[in-house]
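A short write-up of the structure that comes next.
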Amino acid sequence: MTAKDLKNALLQEAVQGKLVPQIASEGNARDLLEEIRKEKLSHGFANSYGICDGKNRKTKSSDLRSKSQIRVTKKELPEITEDEIPFDIPENWCWCRLGEIVSILGDGIHGTPNYDISGNYYFVNGNNLNNGKIEIKPDTKKVNQSEYEKYKKELNNNTVFVSINGTLGNIAFYENEKIILGKSACYFNLIKNEMKIYIYWLIKTKYFLDYANEEATGTTIKNVSLAAMRNFPIPLPPLAEQKRIVIAIEKFMPLIEEYGKKETELKAINEKIGKLTKKAILQEAVQGKLVPQIAGEGNARDLLEKIRKEILSHGFANSYGICGEKCKKSKSSDLRSKSQIRVTKKELPEITEDEIPFDIPESWCWCRLGEIVPFGVCQNAEPQEINDEDWILDLEDIEKDSGKILSFKTKKEVDSKSTKHIFKKGFVLYSKLRPYLNKCVIAPKDGFCTSEILPLDFGDMIYNKYAQLYLMSPFFVDYTNSLSFGVKMPRLGTEDGRKALFPLPPLAEQKRIVAAIEKMLPLCEKLGE
């Protein structure tokens, strides 16, 4: 259970009368409500209320409309109906509406006052209310004495503020601050000051927030009407029990807050472990340690030879340098054997012993990235060649580390006027721009991308998902981070990209590696939650 869940559960127990025991000598809430009613009348406030006492529980619907239990003198506040009662309360409690226990309830001005930077009064809205305090922020506007006199409200030591527009349920008490109110701040003055803290915690419950959201109008910006606030059904305990409830809440709340801090720390640790685990899995994958090798799947040297012929058939330069099955760091004596190292051109340098960072299986081979994909070779399209409904991918549309596309935008939506790279479905789209080197996705359909993204066509003999995990692996990221990037254009250059070492497995093993990773990574993500 999270700290938020614990807090909600504690407050819900409190307002249902389950947090502290009931004590008969403390009387009952019906007497308290009668006392409030008389005090309101003595001060000339409207005598309008409708109550449902502790016996009027959902399980006792036959009692609900009994004249001895429900008393209404005016229809300004409607009678509380059975359907409105969300939970049972103790026998000595009663249900009432917020409007019954306050002398006044209203909100701030619905217009804009005349601001005065040299004024002494602040214009406060719902976003200035926080955990019982009014927060004056750097951008809080000021007004002068004249504006204050025009818009001031009847505020006193019994005043409670609640945000009812935008963010709902922020709460604060009035402590003689020099303020005027905006429309997103509701205020009400309780008849009894002693009830303030109980009402504070009641407003903080999920029960109130659910009520507010249900009553609110608007979709983008929620707004709770003053009528809805007046009609809010309150589970009312005797005054002495309210005080004991508050003491119990304030005893447990620091423990829950401490638990929340530990929870946050643990979540951060789990996220770190999840990321480290994901990196470890990717590293194991490109080292050939994630799945067993199967002799019937052949070897990567034959695969590389097929790729070389394929590249030659498409007119690309025959420049590559490979290291075969025995070219592992532990077998340096074999490294420069003519039967193991084949180089036809010097455009891509021969792989040397010092470059090989780790051992790979016998059926794998080392090659350079430029041997298996025309790295840096792109087809471009001018703006006039791109239709308004064509997909254009930008760096901001790619989620870092996940291999996911966040959004699809058309040329019309981005209003792009620059040249774009063309890519086809299945291409690996790689960010060559630092610090976004781990932004790498597979194109689900044809489209265009900005120049910071490099389309890579690995063809049919390199599994594109294996190529993607290689580009996101710690091995490749460490390689790119070790290079000298330009100051103005900090990106992976074409030559450095072509020279990057690529640990190549047989094609069937590439697919088995990806399948294994796709089972493991969701567990890493769950660990990071």
Side-chain angles (χ1 to χ4, degrees), residues 274-275 277-294 297-300 303-304 306-307 310-311 360-361 363-375 391 393 395 397-406 408 421 423-432 436-447 449 453-480 492 497 500-526:
K275 288 179 180 179
T277 304
K278 180 179 179 180
K279 288 181 179 180
I281 289 172
L282 294 179
Q283 188 62 29
E284 291 280 287
V286 299
Q287 288 187 230
K289 296 179 179 180
L290 203 59
V291 299
Q293 284 67 53
I294 299 174
E297 292 178 348
N299 65 73
L303 175 62
L304 189 61
K306 290 180 182 178
I307 294 171
E310 179 76 10
I311 290 176
I360 55 175
S363 58
W364 291 34
C365 72
W366 284 104
C367 63
R368 296 197 187 273
L369 186 57
E371 301 178 56
I372 58 174
V373 66
F375 192 94
W391 174 34
L393 182 69
L395 268 182
D397 302 324
I398 302 175
E399 185 174 59
K400 190 174 182 181
D401 293 319
S402 73
K404 297 177 183 177
I405 298 172
L406 298 173
F408 291 83
H421 294 324
F423 60 79
K424 298 294 183 182
K425 179 180 179 180
F427 278 24
V428 178
L429 308 175
Y430 171 71
S431 168
K432 57 185 178 179
Y436 307 110
L437 298 172
N438 271 13
K439 290 194 172 190
C440 184
V441 298
I442 294 174
K445 60 181 180 178
D446 296 355
C449 60
I453 301 171
L454 183 63
L456 298 173
D457 180 11
F458 283 89
D460 297 329
M461 285 178 278
I462 300 291
Y463 189 34
N464 57 2
K465 290 187 177 181
Y466 176 77
Q468 179 191 29
L469 71 86
Y470 157 78
L471 292 168
M472 297 176 71
S473 69
F475 167 56
F476 186 74
V477 172
D478 288 347
Y479 166 75
T480 55
L492 175 63
L501 295 183
F502 190 96
L504 180 66
L507 182 58
E509 187 172 343
Q510 293 176 34
K511 294 179 179 179
R512 288 192 295 113
I513 289 170
V514 170
I517 285 178
E518 288 179 344
K519 287 183 179 180
M520 294 179 183
L521 290 189
L523 300 177
C524 296
E525 292 172 2
K526 190 171 183 63

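Just so it is clear, the values below take in all heavy atoms, side chains as well, and ignore hydrogens, waters and symmetry mates.
Separation of the Phe502 and Trp364 ring centroids does not fall under the 6.0 Å cut-off.
Separation of atoms NZ (Lys306) and CE (Met461) is listed at 7.5 Å; rounding is to 0.5 Å. Taking CD1 of Ile372 as the start and CG of Leu504 as the end, the distance is 6.0 Å to the nearest 0.5 Å. Distance CZ/Arg512 to CD1/Ile294: 3.5 Å, rounded to 0.5 Å. If you take CG on Leu456 and CD on Gln468, they are separated by 11.0 Å, rounding to the nearest 0.5 Å. The CD atom of Glu297 sits 10.0 Å away from atom CD of Gln510, with the distance rounded to the nearest 0.5 Å. Atom CD1 of Ile442 sits about 14.0 Å away from atom NZ of Lys404, to the nearest 0.5 Å.
The shortest distance between side-chain heavy atoms of Leu507 and Tyr463 falls below 4.5 Å. When side chains are defined from C-beta on, Phe408 counts as touching Pro444, because their heavy atoms get closer than 4.5 Å. For the pair Val291/Glu509, a side-chain contact is recorded, criterion being any heavy-atom separation below 4.5 Å from C-beta on. The shortest side-chain heavy-atom distance between Leu393 and Trp391 falls under the 4.5 Å cut-off. No side-chain heavy atom of Val373 sits under 4.5 Å from any side-chain heavy atom of Ile462. Side-chain atoms of Pro455 and Cys449, non-hydrogen and from C-beta on, do get closer than 4.5 Å to each other. Side chains of Pro503 and Phe475 form a contact here, defined as non-hydrogen atoms less than 4.5 Å apart. Between Leu369 and Tyr470, some side-chain heavy-atom pair lies under the 4.5 Å cut-off.
Residue Leu471 comes nearest to Val428 through the heavy atom pair CD1-CG1, 3.7 Å, listed as atom of the first residue, atom of the second, then distance. Residues Gly497 and Phe375 come closest through the heavy atom pair CA-CE2, 3.5 Å. Here the closest non-hydrogen pair linking Asp446 and Lys425 is OD1-N, 2.8 Å. Residues Pro506 and Gly298 approach most closely at CG-O, 3.5 Å, considering heavy atoms. When all heavy atoms of Phe476 and Ala500 are compared, the pair lying nearest together is CE1-CB, 3.6 Å. Asn464 and Gly426 make their closest contact through ND2-O, 3.0 Å (heavy atoms, listed as atom of the first residue, atom of the second, distance).
In this structure, the side chain of Gln293 does not engage the main chain of Asn299 through any donor-acceptor pair within 3.5 Å. A donor-acceptor distance shorter than 3.5 angstrom exists from the side chain of Lys439 to the backbone of Ile398, with no hydrogens or angles considered.
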_Quick one, Leu304 with Glu371, criterion side chain to side chain contact (heavy atoms under 4.5 Å, CB included). Give me CA distance, side-chain angles, the key distance, then yes/no._
CA-CA 8 Å; Leu304 189 61; Glu371 301 178 56; 3.9 Å; yes
*Show the numbers, then the answer: is there a side chain to side chain contact (heavy atoms under 4.5 Å, CB included) between Leu303 and Ile307?*
CA-CA 6 Å; Leu303 175 62; Ile307 294 171; 4.0 Å; yes
*Verify side chain to side chain contact (heavy atoms under 4.5 Å, CB included) between Val477 and Met472, making sure each step is shown before the conclusion.*
CA-CA 7 Å; Val477 172; Met472 297 176 71; 5.8 Å; no
*Working for side-chain hydrogen bond (donor to acceptor under 3.5 Å, both in side chains), residues Gln287 and Gln283*: CA-CA 6 Å; Gln287 288 187 230; Gln283 188 62 29; 3.0 Å; yes
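A side chain to side chain contact (heavy atoms under 4.5 Å, CB included) with Val441 is found for one member of Asp397, Leu429, Ile453 and no other, namely Leu429.
The 12-atom threshold is exceeded at NZ of Lys445, counting heavy atoms of other residues, nucleotides or ligands nearer than 6.0 Å. Annotation: Asp460, atom CG; neighbour count of heavy atoms from other residues, nucleotides and ligands within 6.0 Å does not exceed 12.
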